[in-house]
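Structure, as structure tokens:
In what follows, every chain begins at residue 1, and chains take the letters A, B, ... in the order their sequences are listed. These figures come from a predicted structure and were not determined experimentally.
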Amino acid sequence: NAGVMQNPRHLVRRRGQEARLRCSPMKGHSHVYWYRQLPEEGLKFMVYLQKENIIDESGMPKERFSAEFPKEGPSILRIQQVVRGDSAAYFCASSPRDRGMVAGSYNEQFFGPGTRLTVL
Amino acid sequence: GNSVTQMEGPVTLSEEAFLTINCTYTATGYPSLFWYVQYPGEGLQLLLKATKADDKGSNKGFEATYRKETTSFHLEKGSVQVSDSAVYFCALSDLYNFNKFYFGSGTKLNVKP
């Protein structure tokens with residue numbers, strides 16, 4: 001069973017261009033999370049999606065960033081008009097299903113290798 | 001709200017030394033706690049986890065105990081190896097907040113031969 005796949009692994013863009021990052025979750029996983037890791041920092045939550053739905057986008061910048069997880073195909077994180085401050089590693093994680101709010105339960109998240117975005 | 005604080009690095013140890021990386025958290029609800037490891041240029045790998053108070057997670061000689069009374073989840077290893085050199089992240093998953101993860105800032109460990 002292949003793990004979470006992300007592509008491209010490295011992406012270079014000039015200021016003002018668009019960046020599209022793709023994430024294919026593990027087989028059978030219907031929950032996708034995107035995180036951003038700035039240099040020398042921990043990962044910060046951006047958005048949580050299920051198939052065709054954005055569940056929580058509280059960590060997404062208000063402008064230029066969008067995410068989708070269509071019925072077919074990978075999840076896409078799109079950054080329009082990139083700026084140097086967008087340079088970071090973007091990680092995707094997938095989870096199998098919602099086990100409900102039961103104490104002691106959790107949904108393990110499996111992380112992809114990340115896409116390292118460099119904005120020139 | 002939810003947050004994780006872990007000791008700043010880098011931590012430099014000699015091979016076979018004892019390792020402790022401190023991690024404390026604040027959380028609402030019933031968090032699960034995790035340690036992830038990141039090798040250079042790679043993604044995060046789950047090292048160990050604990051889902052409720054007093055649980056001990058362990059893997060590859062690493063251990064951490066979920067201490068609710070001190071809101072801590074310190075990572076320990078009795079004898080580190082050069083191959084343990086990496087960045088270690090403490091994290092919590094909030095069951096009541098879509099299970100999203102909250103990460104500490106990471107602690108870089110350098111182990112010298």
For the [atom1] atom on [X], are there more than 12 heavy atoms of other groups (residues, nucleotides or ligands in this structure) within a distance under 6.0 Å?
X     : atom1 : result
B:Q81 : CD    : yes
A:Q81 : CD    : no
A:K51 : NZ    : yes
B:E16 : CD    : no

Same cluster or not: are [X] and [Y] linked, directly or through other Ile, Leu, Val, Met, Phe, Trp or Tyr residues, by side-chain heavy atoms under 4.5 angstrom apart?
X     : Y     : result
A:V4  : A:L77 : no
B:V37 : B:L33 : yes
B:V11 : B:Y39 : yes
A:V82 : A:V12 : no

- request: Kindly give the heavy-atom pair with the smallest separation between B:Q38 and A:F91, and that separation in Å.
  value: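 Minimum heavy-atom separation between B:Q38 and A:F91: NE2-CZ, 3.5 Å.
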- request: May I ask you to list the residues in residues 113-120 of chain A that approach chain B closer than 4.5 angstrom, counting heavy atoms only, ordered by number?
  value: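 The list, in residue order, reads A:P113, A:R116.
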field: Among the listed options B:A91, B:A53, B:G43, the residue most often paired with chain A at heavy-atom distances under 4.5 Å
entry: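 Top option by heavy-atom pairs under 4.5 Å: B:G43.
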field: Separation between CG of B:L46 and CZ of A:F111, rounded to the nearest 0.5 Å
entry: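 So the gap between those two atoms works out to 9.5 Å.
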- request: Would you give the length of the straight line joining atom CZ of B:F101 to atom CG of A:L43, rounded to the nearest 0.5 angstrom?
  value: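 So the gap between those two atoms works out to 10.5 Å.
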message: Please classify the contact of A:Q37 with chain B as side chain, backbone, both or neither, using a heavy-atom distance under 4.5 Å.
response: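 Answer is side chain: those atoms of A:Q37 sit under 4.5 Å from chain B.
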field: Under 4.5 Å from any heavy atom of chain B - which part of A:Y35
entry: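 Only the side chain of A:Y35 comes within 4.5 Å of chain B.
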For residues 104-113 of chain B, which side-chain N or O atoms pair as donor and acceptor with protein atoms under 3.5 Å away, sequence neighbours left out?
{"residue": "B:T107", "atom": "OG1", "partner": "B:Q6", "partner atom": "NE2", "Å": "2.9"}
{"residue": "B:T107", "atom": "OG1", "partner": "B:M7", "partner atom": "O", "Å": "2.5"}

message: Using the rule given for side chain to side chain contact (heavy atoms under 4.5 Å, CB included), can you reason through A:Y48 versus B:K100, listing the C-alpha separation, both sets of side-chain angles and the distance that settles it, and then say yes or no?
response: CA-CA 8 Å; A:Y48 163 44; B:K100 61 190 180 189; 5.8 Å; no
